[in-house]
Amino acid sequence: MFTIGDPLIILAQQLINGLILGSIYGLIAIGYTMVYGIIGMINFAHGEIYMISSYLFAIFLALVGLFGVSSVPVALLITLVVTLVITGLYGFSVERIAYRPLRGSSRLAPLISAIGMSLVLQNFVLLSQGANTQIFPSIYEGVLRWSMGSKDNFVQITYIQAMIIGVTVVSMIALNILINHTPLGRACRATQQDRTMANLMGINTDRVISLTFVIGAAMAAVAGMLITFNFKSFDFFIGFVAGIKAFTAAVLGGIGSIPGAMLGGIILGLAESLFAGLVNTDYKDVFAFGLLVTVLVFRPTGILGQPEVEKI
Amino acid sequence: MGPIVIVEKVSIRFGGLLALNEVSFQMEERHIQAIIGPNGAGKTTLFNCLTGFYKPTEGSIVLRRDGKSYHLTQPPMGSFRGNPAGWMGGFLRNLFTSNPIHRTALLGVSRTYQNIRLFAQMTGIENLLVAQHNSVNHKLLSGIFQTPGFLRSEKKALEKAWYWLEFMGLEDTANIEAGNLAYGLQRRLELARAMATSPRLICLDEPAAGLNRQEIEDLNRVIVNLRNEHKISVLLIEHHMGVVMNISDRVVVLDHGEVISEGTPAEVQKDPRVIKAYLGEEEEDAPPQSRREA
């Protein structure tokens, strides 16, 4: 029925790969889109936060092992929580140190500050951890396979990839509850629409802005941990490319919109992997960015972005 | 019942412009007090000082609440050369404390604006829920996991939001985005939202602007009701004399940043200085400076 290299099999496999890649882009893009929504700046240091979370994850997993936690799920859980918290702290500090003092100045000032922060974080990791590519151990190996017709024809998804999709879905649900169904989320949306008025309602808008950075960083940390798990290698420079791609995803989906960021991420991931699988690997980025340009020509505010007014 | 607000010798200078010049007055608790004056008299500037947006160059504004005094104004940082220690103190305070505006809300001061500033993309009820931010459980984790305590506090907030919607006759707007409401409804919703913050003192900046006669009558009833039933002190800026003269207990008249008259509506109406400020000089050849001294 199916032959080796059947386009349908490749299509199915690339759809899965694209979904996984897209989930990661989407998770990182949330940080860009939330920060833009609330204070109207692009946090270029966000990609580095993602990179740092990879390092933190590996370091703390090793430390937890060193302290004699032998059960893998327990060790992972502890590491997960610690990494989330510390990455959140990084996000908080970046805002406090590099952006808050510049609030009220021209739009360009925090942008330059963000680029500076990105370089600082990158070089901090380069100096403290070295330039070598770090290797992460293999945990939870295994694949789910659906064969079609013959034994050599199959679509597969590794346990870790399945976990990526699962964790992304859970994170998105939690974020959705937070933004749409809790007072903190209401405060976020109010701050986004009219910061002064939110202040007058007794909302400490500085805290809300800090919270946005912490949530963004935590989402990037989730992505960083999942990617480390999946690719098992990372270096100090991974934040740059991932940051650019996620930023693209945020713009594609409509910057300022959280569902837009997720949708943009998935579209970008799917576009990339489908083009790579079915047409040409070398030009996948050209296709992805070409898609961005096309969308922006017809919808300058992105797919889910609203003209003039932004929604979180 | 004692004063709720004591404004003492408040001056504020924007570059060369003296927007407020030693403004002093008191406001009794559970009074409706109007601030009137020609355009550019400094009324809105005074409101901005009251709510913490502007720091007066000199003077103080004290809010009295439950027998305690709270300063609504922080002295500005001043110049480094004149007073290095004071400057450092101000600098450190600015570094370690976040901006103070939300604190005036915590002290029970609420305000509305001349131009409507609702959260346009939130529904009516959400606007009122946001206003209760400080009285609800807004912990991150209890919100995500929807704990029973959290749900209880949400339910209470929702009840209170409904109370104020009904009070203003806005039940139908609960699930409509505020930006899509008619102008009159938006004005009422803004007042409802200000009330949902549980204020002791509410500052209304031209609440009657753009309303028709019937709506103004409704507004008057509502404001009087707030004072009588809800024990709220109302400070309002208004140009519409039908509102000012009918419901105010006291009126303060500002002109060129100075208080030129104060008293009951009847007293103020007869005050020649007020008439002069509104209608101009009688002697055409008088030098312009003498207007201020008059």
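Heavy atoms closer than 4.5 Å to chain A are found nowhere in Gln132(B), neither backbone nor side chain. Using a 4.5 Å cut-off between heavy atoms, Phe145(B) makes no contact with chain A at all. Using a 4.5 Å cut-off between heavy atoms, Val136(B) contacts chain A through its side chain alone, with no backbone atom that close.
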Apply side chain to side chain contact (heavy atoms under 4.5 Å, CB included) to Gln121(B) and Gln192(A), showing your working.
-> CA-CA 10 Å; Gln121(B) 286 132 48; Gln192(A) 183 178 25; over 6 Å; no
Evaluation steps, side chain to side chain contact (heavy atoms under 4.5 Å, CB included), between Phe119(B) and Met197(A) = CA-CA 8 Å; Phe119(B) 300 117; Met197(A) 212 57 230; 4.0 Å; yes
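Across Ala187(A) and His133(B), no two heavy atoms sit closer than the pair CB-CE1, 3.5 Å. The minimum heavy-atom distance between Pro183(A) and Phe150(B), with the atom names listed, is CD-CE1, 3.3 Å. Leu140(B) and Leu178(A) get closest at one heavy-atom pair: CD1-CD1, 3.4 Å. Here the shortest heavy-atom pairing between Leu200(A) and Tyr113(B) reads CD1-CE1, 3.5 Å. The minimum heavy-atom distance between Met122(B) and Ala190(A), with the atom names listed, is CE-N, 3.9 Å. Closest of all the heavy-atom pairs between Asn199(A) and Ala105(B) is O-CB, 4.3 Å.
Heavy-atom neighbours of Phe124(A) CZ from other residues, nucleotides or ligands within 6.0 Å: at or below the threshold of 12. Remark: Arg152(B) CZ is loosely packed, at most 12 non-hydrogen atoms of other residues, nucleotides or ligands lying under 6.0 Å away.
For the set Arg111(B), Arg117(B), Arg193(B), the count of heavy-atom pairs under 4.5 angstrom toward chain A peaks at Arg117(B). Your options are Leu175(A), Thr182(A), Asp194(A), and the one with the most heavy-atom pairs under 4.5 Å with chain B is Asp194(A).
Atom-to-atom distance recorded for Thr197(B):OG1 and Met201(A):CE is 6.0 Å, nearest 0.5 angstrom.
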